[in-house]
Protein chains: 2
Amino acid sequence: MSEERKISMAVIRRLPRYYRYLGELIDNDISRISSRELSERMKVTASQIRQDLNNFGGFGQQGYGYNVEYLHAEIGKILGLDKTHKMIIVGAGNLGQALANYQSFEKRGFKLIGIFDVNPRLIGMTIRGIEVYDIDVMEKFVKEQEVDIAMLTMPKENVRETANNLAEWGIKGLWNFSPVDLYLPKHVQVENVHLSHGLMTLAYKIKDQSLTENEED
Amino acid sequence: MSEERKISMAVIRRLPRYYRYLGELIDNDISRISSRELSERMKVTASQIRQDLNNFGGFGQQGYGYNVEYLHAEIGKILGLDKTHKMIIVGAGNLGQALANYQSFEKRGFKLIGIFDVNPRLIGMTIRGIEVYDIDVMEKFVKEQEVDIAMLTMPKENVRETANNLAEWGIKGLWNFSPVDLYLPKHVQVENVHLSHGLMTLAYKIKDQSLTENEED
DNA sequence: CCCTTTCTGTCAATCTTTTAACACTATCAT
DNA sequence: ATGATAGTGTTAAAAGATTGACAGAAAGGG
């Protein structure tokens, strides 16, 4: 009965990049684009773009290409950016504060409504008008406000427990910045960040490049 | 003449995770582990672990498994963590400051030696003993200190120009946090972060989950 | 010292992802 | 109108990644 679903994560993870490029095209008043031209800008194959988009239906038109504004909006819908997501930050340290200051999340429908910490020196503070609350009131807050997403920017020692609690209180997604892998019931989606992994990968690439450097063609 | 190189990025990007798990095993005084047991902890297949490690040579022993400390050290070497990398941060805003406070980079051989900004109010400040310098002196600094890696945490307007300059001044790697894709000569390695992509992917997963939820199996 | 068990390295099979090819449709200039 | 060009959706082929299977080496117990 269910229609052909099951889109691979590889595809999904490319959508935000398409979305970003299309946003830039809109800013530059470009209203139509072909897969070929987009592929040149993005340094991917045109085939991949067409293949990816076709997972969700025919957005383009032969002989014309894609309407930029329409495609941008459609990808936004696929990603769920047409809905508002209520977010909180757990851990008002440096990273938490940095993320609280990101303006651009708001534009995509991600609305920060509270920040929580254990540190009495931070509680009561406000960041961009958002208050830092005592973590003791988080349960009540999450349940009453029906928070959708929590950004976890706290010490790794407490992350697992906090994540489990949030899951129980009905949170739908966790954006986890601590170096711990979280395994939660499947009604809670998790996206782990692991900043340090990127840095290590970079170190590898640097080493590898310097080894390859003086190799013949 | 060159030996069997060409290891896929898919493999490389898993190494930091192995490295982290092995580090935790060391902390727990576990000195040997089999691919099967590690696979259970990491929720991957044992076959994948063996296949991945074998790209770099035989680290294990039949009937025994892997020596945790040795394997940890070897993966560290593969990633280039046995070398010290001199780093700078360009952009002393919230994110720059947050990253400057990350203690754990130091442990992996990443040594922050300077922070740069245009804002006179920030210049002269120090973060964890690291000074914030005027961006005008960056060229001299990068050349004299032979900086390896720059973390780019600045407004996207100036990123491309800064990246090109740094490339010219001999930097080896860029860890780019701005929502811009950088294309540079191949002696400069780039690792883009795009935090917002993760958040959008999370939004997709939440939406997808709520759709799938009440499907019969 | 020998037998059983464990567990690797590796080869082969399967599954997934990417790229190429092309039939066919809309556009656009004349 | 019409022919040439542009450009999609889609199918098929190629490339890449993951998993399974197993021969045989080392470990460990009696």
Check: Asn28(A) side chain, Ile30(A) main-chain N or O, donor-acceptor pair, under 3.5 Å: no
Under-4.0 Å salt bridge between [X] and [Y]:
| X | Y | result |
| --- | --- | --- |
| Lys86(A) | Glu146(A) | no |
| Lys43(A) | Asp181(B) | no |
| Lys172(A) | Asp148(A) | yes |
| Glu191(A) | Arg13(A) | yes |

is_close_aromatic(Phe105(A), Trp175(A)), centroid dist under 6.0 Å: yes
Tyr102(B) ring center within less than 6.0 Å of Phe110(B) ring center: no
Atom [atom1] of [X] to atom [atom2] of [N]: distance rounded to whole Å?
| X | N | atom1 | atom2 | value |
| --- | --- | --- | --- | --- |
| Leu71(A) | dT8(D) | CG | P | 11 Å |
| Gln62(A) | dT8(D) | CD | C1' | 4 Å |
| Ile12(B) | dA17(D) | CD1 | C1' | 14 Å |
| Asn67(A) | dA6(D) | CG | P | 21 Å |
| Asn54(B) | dT19(D) | CG | P | 16 Å |
| Ile49(B) | dG20(D) | CD1 | C1' | 15 Å |
| Gln51(B) | dA21(D) | CD | C1' | 12 Å |

Touch class at under 4.0 angstrom, heavy-atom based, for Thr45(B) against every strand present: sugar-phosphate
Sugar-phosphate only, base, or nothing, as touched by Ser47(A) at under 4.0 Å among non-hydrogen atoms: base
Does [X] have a side-chain nitrogen or oxygen under 4.0 Å from the phosphate oxygens OP1 or OP2 of [N]?
| X | N | answer |
| --- | --- | --- |
| Gln61(B) | dA27(D) | yes |
| Gln48(B) | dT18(D) | yes |
| Ser35(A) | dT8(D) | yes |

Position toward the 5' end of DNA chain C (nearest nucleotide), Ser34(B) or Val44(A): Ser34(B)
Position toward the 5' end of DNA chain C (nearest nucleotide), Arg32(A) or Gly65(B): Gly65(B)
Sole candidate of Met138(A), Gln145(A), Met151(A) that passes side-chain contact (heavy atoms from CB on, under 4.5 Å) when paired with Ile88(A): Met138(A)
Shortest non-hydrogen contact between Leu152(A) and Val159(A), atoms and distance: CD1-CG1, 4.2 Å
Tyr21(A) six-ring centre to Arg41(A) NZ/CZ under 6.0 Å and within 45° of normal: no
Most 5' of Arg14(B) and Gly57(A) on DNA chain D, judged by nearest nucleotide: Gly57(A)
The helix from dC1(C)-dG30(D) to dT30(C)-dA1(D): angle between end helix axes, five pairs per end, rounded to 10 degrees: 30°
Range on DNA chain C touched by chain A, heavy atoms, distance below 4.0 Å: dT17(C) to dC28(C)
